[in-house]
Amino acid sequence: MKLLKERILRDGKCLEGGILKVDNFINHQMDPLLMKAMADEFVKRFAGDKIDKIMTIEASGIAPAIMVGYLFNLPVIFAKKRVPSTMEDCFKTKVISFTKGREYDICVSREYLNKGDRILFIDDFLANGNAAKGIIDIIEQAEAELVGMGFLIEKSFQQGHDYLSSRGVRVESLARIASLSDCKIEFVL
C-alpha cells in the first residue's frame with residue numbers, strides 16, 4: 001500500500017535490533033485518515049470471504065481492527081493480555097512479545113468466541129508471528145475458523161510470514177519490510 005509505505009519512510013523511525021517505531025501515526029498517536037485508508041484496503045482484500053467477527057490483540061491492533069469491523073459491520077473481539085477478575089471462563093494461551101521481550105497470557109471470553117465463527121485477525125505488526133500463533137491457538141480451542149490474517153506492517157526478514165504460510169494461513173500485509181539493517185528501511189519489491 002503506497003500511502004502506508006510513504007508514511008513509514010517519512011515518519012517512521014528505525015531503532016537498533018530491527019525495531020520500526022511508528023508510534024506517531026499507528027500505535028500511540030493515531031492518524032484516523034490513514035487508519036481508514038488501511039481498513040479500506042483490508043476490506044477490499046477480504047471482500048469475497050465470509051467473516052463473522054474481527055479479532056485482534058491488545059493494544060496496538062485495536063484501532064485498525066475496529067475500523068475494519070466498522071466497515072464490514074461486524075463485531076470486534078480483542079484478546080486481553082491479562083485475565084480480568086470479571087472474566088470467569090476464557091480461552092487462554094501464552095505469547096512471547098518481541099518488542100517487550102517477555103511472555104504473557106492472552107485470553108478471550110468463551111462468551112464472545114464461538115464454535116464455527118469465521119474470524120479475520122487484524123494487527124499492527126507481523127514479525128516472528130508470536131501473537132499470531134497465540135491467536136491461532138485460541139481460535140483452535142474455540143473450534144472457530146481462521147479466514148485470514150491482515151497486518152499493517154510485516155517484517156518479512158523475520159519468520160512470521162513463513163510460519164503462517166506453512167500452516168496454510170492467508171496473510172495480507174499492507175507494507176512488507178525487507179530489511180531494517182543499518183537502520184535503513186527497505187521494502188519488499
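Numbers here simply count residues along the sequence, with the first being 1. Since we're looking at a predicted model, the values are computed, not measured.
- Using a 4.0 Å cut-off between charged nitrogen and carboxylate oxygen, Glu6 and Lys2 count as a salt-bridge pair.
- Applying the side-chain hydrogen bond (donor to acceptor under 3.5 Å, both in side chains) rule to pairs touching residues 47-56 yields Asp49-Arg170, Lys50-Asp52, Lys53-Asp117, sequence neighbours excluded.
- Taking all atoms of both residues into account, the shortest heavy-atom contact from Gly134 to Val95 is CA-CG2, 3.9 Å.
- Leu180 and Leu4 fall within the same hydrophobic cluster, where Ile, Leu, Val, Met, Phe, Trp and Tyr residues are linked whenever their side-chain heavy atoms come under 4.5 Å apart, directly or through other members.
- Contact of the Ile119 side chain with the Val147 side chain is not registered, since no non-hydrogen atoms from C-beta on lie closer than 4.5 Å.
- Remark: of the listed residues Lys81, Lys94, Lys92, Lys94 is the sole one forming a side chain to side chain donor-acceptor pair (under 3.5 Å) with Asp105.
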Could you please spell out the steps behind the side-chain contact (heavy atoms from CB on, under 4.5 Å) verdict for Asp123 and Ile57? CA-CA 7 Å; Asp123 205 4; Ile57 190 166; 3.5 Å; yes
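- Rounding to the nearest 0.5 angstrom, the gap separating the NE2 atom in His28 from the OG atom in Ser60 is 10.0 Å.
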Enumerate donor-acceptor pairs with a distance under 3.5 Å from any side-chain N or O in residues 36-48 to protein atoms, sequence neighbours excluded.
residue : atom : partner : partner atom : Å
Lys36   : NZ   : Asp40   : OD1          : 3.0
Lys36   : NZ   : Asp40   : OD2          : 2.9
Glu41   : OE1  : Lys44   : NZ           : 3.3
Glu41   : OE2  : Arg45   : NE           : 2.9
Glu41   : OE2  : Arg45   : NH2          : 3.4
Arg45   : NH1  : Glu172  : OE1          : 3.0
Arg45   : NH1  : Ser173  : O            : 3.2

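- Heavy-atom contacts from other residues, nucleotides or ligands closer than 6.0 Å to CD of Glu16 number 12 or fewer.
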Could you list the donor-acceptor pairs under 3.5 angstrom formed by side chains in residues 18-27, with sequence neighbours left out?
residue : atom : partner : partner atom : Å
Asn24   : ND2  : Asp11   : O            : 3.4
Asn27   : OD1  : Asp23   : N            : 3.4
Asn27   : ND2  : Asp124  : OD2          : 3.3

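- For the atom pair NZ (Lys133) and CZ (Arg167), the distance works out to 9.5 Å, reported to the nearest 0.5 Å.
- Looking at every heavy atom in both residues, Phe125 comes nearest to Phe151 through O-CD2, 3.4 Å.
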Assess the residue pair Gln141 and Asp137 against the criterion (side-chain contact (heavy atoms from CB on, under 4.5 Å)); give the C-alpha distance rounded to whole Å, side-chain angles, the decisive distance to 0.1 Å, and a yes or no. CA-CA 6 Å; Gln141 288 176 50; Asp137 184 30; 3.3 Å; yes
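- The shortest side-chain heavy-atom distance between Ile136 and Glu140 falls under the 4.5 Å cut-off.
- Transitive grouping of hydrophobic side chains (ILVMFWY, heavy atoms separated by less than 4.5 Å) brings Phe157 and Leu174 into a common cluster.
- Both Ile62 and Leu34 sit in one connected hydrophobic cluster of ILVMFWY residues. Membership requires side-chain heavy atoms under 4.5 Å apart, directly or through other members.
- Looking at Met55 and Leu120, their side chains never come closer than 4.5 Å, going by heavy atoms from C-beta outward.
- From Leu164, atom CG reaches atom CD of Gln159 across 11.5 Å, with rounding to the nearest 0.5 Å.
- In this structure, the separation between CD1 on Ile185 and NZ on Lys13 is 10.5 Å, given to the nearest 0.5 Å.
- Connection of Val188 to Tyr163 is not established within any shared hydrophobic cluster, with ILVMFWY side chains joined at heavy-atom distances below 4.5 Å, either directly or through further cluster members.
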Show which side-chain atoms of residues 63-80 pair as donor or acceptor with protein atoms under 3.5 Å away, not counting sequence neighbours.
none

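- Of all heavy-atom pairs spanning Leu113 and Ile138, the tightest one is CD2-CG2, 3.6 Å.
- Pairs passing the salt bridge (charged side-chain N to carboxylate O under 4.0 Å, His left out) check and including a residue from residues 173-189, sequence neighbours excluded, read Glu154-Arg176, Lys184-Glu186.
- For residues 144-153, every residue pair satisfying the salt bridge (charged side-chain N to carboxylate O under 4.0 Å, His left out) rule, not counting sequence neighbours, is listed here: Arg118-Glu145.
- Residue Cys90 comes nearest to Arg110 through the heavy atom pair O-NE, 3.6 Å, listed as atom of the first residue, atom of the second, then distance.
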Can Leu9 and Phe187 be said to form a side-chain contact (heavy atoms from CB on, under 4.5 Å), step by step? CA-CA 10 Å; Leu9 290 174; Phe187 293 102; 3.6 Å; yes
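- No chain of hydrophobic side-chain contacts below 4.5 Å, direct or via other Ile, Leu, Val, Met, Phe, Trp or Tyr residues, connects Ile135 to Ile54.
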